Amino acid sequence: MNNSMDFLLWVKGPAFEIALFIFVAGILIRVIEILLLGRKADLSEARSSDVRAGIRTVLNRSIPESGILKKAPFVIIVGYLWHICWFISFFLFVPHIEVINYLLGISWPGLPNQFVDTAAVIAMISLLAMLIYRFNHPVLRFISTREDYLVWLVTFLPLLSGYFAFHHTFEPYAMLLGLHILSVELFLVIFPFTKLMHVITVLMARWYNGVSLGRKEPENQEVQS
Amino acid sequence: MTNVVIAEESKGKLNLERGLNAFREQIDAPVAAFFSSCVHCGLCAEACLFYTETGDPRYTPINKLEPLKRIWEQEYTLWGRAKKALGFAKPVTDELLEQWEPLIYDACSLCGRCSEICPVGNDISGMIRKTREGMVASGHAPEGLVGASFRAVKTGSPMGVKLPALQAQIRHIEADTGMTIPIDVQGADYMALLSSMEIINFPEYIEALAKIFNQAELNWTLCSEAFEATNSGIQIGSSDIAQELVERVVRGAEKLGVKTVISPECGHAYTAIRWEGPNLIGRKYPFKVVHILELLDELKAAGRLKTSSKESMSVTLHDPCQVVRKGGVRAQPRELLKLVNDNLHEMPDAGKMNWCCGGGGGVSANERAEPLRLKVFKRKRDQIESADVEAVVTFCANCRMMLEEGLEHYDMDMPVYSLTEMIADHLEPSVEEPSAVNVEEEDNE
């Protein structure tokens, strides 16, 4: 019991601080690295406001185009399910909100535990489904790298360990909670150096796409067909 | 400089080092943000007709960017530099570029569907355009495109069409119609550009312009020093060549002092002169650029485009990618078609998310790509089939050629028309008298 208590104290203390430092510093480095590259001003005469096009694309890209939804419904539906359930599991679980409140001094209302529990299960199932799909789909199997599988594992572990900790599946609980926090730390540490960065850079990517392509769009109309 | 880049004999000067430098020059904040955001979801494959029609996962758009991605990761990220220092990075080699050349040139028409589909917003086709800069500088561009670019710089046209060829076509049209085709009219309001494909294969386009502009009493001209609008530099991916070709047009327009330059129907010509041009020459134009359909739509709104008859045959409209999806000229084609035909049957995904004819982005100039191009035309064939029509209307000379070849390949006997020509064929029949305006102008010189 003492050993697991020591372990829990270590992961909650020094290990957490180190992980958080790498997470924050890593993200800052990555974002600055991108911004410092800059981009040339577009000298062609814009047809419509590029700022509005940028904002529009940041928002609109969350809605799949109807043709692609028909062609690849699995990726899109499971993708949605995954992101929503992950968000609920992480940001709307009361103990998590308390940790965030302790760290940043901000908080918001959470959801009932049973609800979050269900979301976590759906998140895990959708992750597993996507892994199986990745193994089997010719395109996904072809373009997947070791990083994709590493990121999958490191994203899955916090959910699994969190689920076990919440249900006290194993004893001692301190060890279980410690493992959960450790898995989150692993997630934080690899975040800035892998495709997990998309959480941040998706906003930049959509923005740049929007301003460069959207300035050619007709004003006030989106004729689709 | 430009001649050096493409002259066949100077191939030794195109080497890996130059290629790597060209890749480096293309890395900017958007590229870095795009690569950082890719989660390998694979949706771009479903947007690409080269994948959907072949099922070959190598044609997944994001996979086509491997060379550019490696340069970015290994040289522009801290983590990548560390991996490279520790010997974990796979370098960009001639072998890699050779392997990727058919993916980047034969299996991408720069149609831009992937850039519209990508959920994280990556402008993948824009990055393929960038990747081609490194490919051509390293000597890994297809022969067909190298030849076209060489001819474009040397003779002024990718198809080797020189001024006498245009003059001959003009003489024919003038003899047939009695109209005058104005050329080098100083101070004209509009300067029309053509594509080689139009001069050689579809001279009716020139006649159509003359008819419509005469009726509208438009003060227009062609320019003997800058009549070619197609830009092989954009297709092969050489900014040097592209810049030289754009500069010719700009010099011609400035010399004549025109207010507006008219892009022909041709989609890549439009992209070149309208969107890439000012960035290639590094300054804004002192004139406006409009696509021919934008101009026709303006003339229609001003009551200067008057048609007198309509066709009832069933047609479908093929949207050229560079004009519609990437150029934003979207409502005009349909509005204009209504003038001459009221039996339009749209294809699935028509409009912004249309499917490419398969021959854009230099694919049609690259003989090696022909079997693949005809194979992936299956998508267009199916679309046209499902529209169940008697004819296809489009507004790009290259699309038109590709549609004709593709339909023939799949044994579909169906005519393909140019929208501008269709409109010219249905003008109100009082076009004789305004042509005097142009004659007068020429007399004044």
Side-chain angles (χ1 to χ4, degrees), chain A residues 26 29-30 33-45 47-48 57-58 61-62 64-68 71-72 75-76 79 134 137-145 147-148 151 192-193 195 197-198 200-202 204-210 212-213 216-218 221-225, chain B residues 27-34 36-43 45-47 51-52 55-58 60 62-63 76-79 112 115-123 126 274-279 281-285 288-289 326-331 334 346 348-353:
Chain A
I29 289 170
R30 286 297 303 274
E33 237 169 29
I34 294 169
L35 292 178
L36 282 183
L37 283 168
R39 62 191 283 264
K40 285 188 195 144
D42 195 326
L43 299 172
S44 67
E45 192 193 340
R47 185 175 279 136
S48 54
T57 307
V58 167
R61 269 314 151 99
S62 298
E65 186 269 333
S66 65
I68 200 74
K71 282 188 95 59
V75 174
I76 291 169
R134 195 173 273 286
H137 191 283
V139 166
L140 289 171
R141 197 174 52 225
F142 180 78
I143 62 172
S144 295
T145 60
E147 184 190 313
D148 291 311
V151 167
F193 311 105
K195 66 174 184 179
M197 265 302 283
H198 79 278
I200 312 283
T201 57
V202 65
M204 302 163 85
R206 288 180 181 182
W207 168 262
Y208 287 132
N209 179 312
S212 69
L213 300 180
K216 305 174 183 176
E217 292 286 307
Q221 59 178 347
E222 275 279 295
V223 182
Q224 280 286 344
S225 58
Chain B
I27 307 279
D28 57 6
V31 169
F34 296 152
S36 300
S37 302
C38 178
V39 292
H40 283 171
C41 73
L43 285 181
E46 303 293 346
Y51 169 73
T52 60
D56 186 340
R58 289 179 309 144
T60 303
I62 196 71
N63 179 54
Y76 296 87
T77 70
L78 187 64
W79 179 241
S115 300
E116 294 292 336
I117 291 291
C118 176
V120 295
N122 291 348
D123 180 10
R274 173 67 175 87
W275 302 110
E276 286 211 31
N279 298 313
I281 65 169
R283 64 188 170 100
K284 292 181 178 174
Y285 298 149
K288 269 178 75 94
V289 177
K326 293 173 97 176
V329 181
R330 212 163 288 153
R334 282 159 180 82
E346 294 279 17
D349 297 320
K352 188 176 178 180
M353 291 311 291

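As the structure is a prediction and not an experimental result, all values here were calculated from the model. Proteins get letters first, then strands, A, B, ... in listed order; numbering begins at 1 in each.
Here A:R30 is the residue among A:M204, A:R30, A:E147 with the most heavy-atom pairs under 4.5 Å with chain B. Between chain B and the options A:R61, A:K195, A:H198, the largest number of non-hydrogen pairs under 4.5 Å is found for A:R61. Of all the listed residues (B:A32, B:P30, B:G42), the one sharing the greatest number of non-hydrogen pairs under 4.5 Å with chain A is B:P30. Between chain A and the options B:S115, B:A45, B:G112, heavy-atom pairs under 4.5 Å are most frequent for B:S115. The residue among A:I143, A:L35, A:L36 with the most heavy atom pairs within less than 4.5 Å of chain B is A:I143. Considering only heavy-atom pairs separated by less than 4.5 Å from chain A, the leading option among B:L78, B:N122, B:V31 is B:L78. Chosen from B:I27, B:I117, B:I62, B:T52, the residue pairing most often with chain A at heavy-atom distances under 4.5 Å is B:I117. Listed options B:G55, B:P278, B:G327 were ranked by heavy-atom pairs under 4.5 angstrom with chain A; first place goes to B:P278.
Contacts of A:F193 with chain B are made by both backbone and side-chain atoms, with heavy-atom separations under 4.5 Å. Proximity to chain B is limited to the side chain of A:S212, based on heavy atoms less than 4.5 angstrom apart. When heavy atoms are compared at a cutoff of 4.5 Å, B:Y285 does not approach chain A at all. Both the backbone and the side chain of A:E45 come within contact range of chain B, judged by heavy atoms closer than 4.5 Å. Looking at B:V329, both its backbone and its side chain come within 4.5 Å of chain A, counting heavy atoms on both sides. If you measure heavy-atom distances from B:R283 to chain A, the contacts under 4.5 Å come from the backbone alone. In this structure, the portion of B:T60 lying under 4.5 Å from any heavy atom of chain A is its side chain and not its backbone. There is no contact between A:R141 and chain B, counting heavy-atom distances below 4.5 Å. The part of A:L213 that comes within reach of chain B is its side chain, from C-beta onward, which places non-hydrogen atoms under 4.5 angstrom from that chain. Residue A:D42 touches chain B through both its backbone and its side chain, counting heavy-atom pairs closer than 4.5 Å.
Contact record, B:S37 with A:T201: OG-OG1, 2.7 Å, taken as the closest heavy-atom pair. Nearest heavy-atom pair across B:N279 and A:A41 is OD1-O, 3.7 Å. Nearest approach of A:R134 to B:V39, heavy atoms of both residues: NH2-O, 3.3 Å. A:P218 approaches B:R330 most closely through the heavy-atom pair CD-NH1, 4.1 Å. Closest approach of B:P57 and A:P138 over heavy atoms only: CB-O, 3.7 Å. The minimum heavy-atom distance between B:H40 and A:L140, with the atom names listed, is O-CD2, 3.2 Å.
Within the 4.5 Å cutoff, the side chain of B:D28 has no heavy atoms near those of the A:K40 side chain. At a threshold of 4.5 Å between non-hydrogen side-chain atoms, the residues A:V75 and B:E46 do not count as touching. Residues A:E65 and B:E116 have side chains not in contact (no heavy-atom distance under 4.5 Å, counting atoms from C-beta outward). The shortest distance between side-chain heavy atoms of B:R274 and A:K216 does not fall below 4.5 Å.
The CD1 atom of B:I281 lies 8.5 Å from the CG atom of A:L43; values are rounded to the nearest 0.5 Å. Once rounded to the nearest 0.5 Å, the distance linking CZ of B:F34 with CG of A:N209 reads 5.5 Å.
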Exercise for the section: Step by step, work out the side chain to side chain contact (heavy atoms under 4.5 Å, CB included) result for A:I76 and B:L43. Expected result: CA-CA 9 Å; A:I76 291 169; B:L43 285 181; 4.0 Å; yes
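Remark: A:V202 engages A:R206, B:V120 in a side-chain contact (heavy atoms from CB on, under 4.5 Å) (not counting sequence neighbours). With sequence neighbours left out, the ring pair (Phe, Tyr, Trp, His ring centres under 6.0 Å) criterion links B:Y76 to no other residue.
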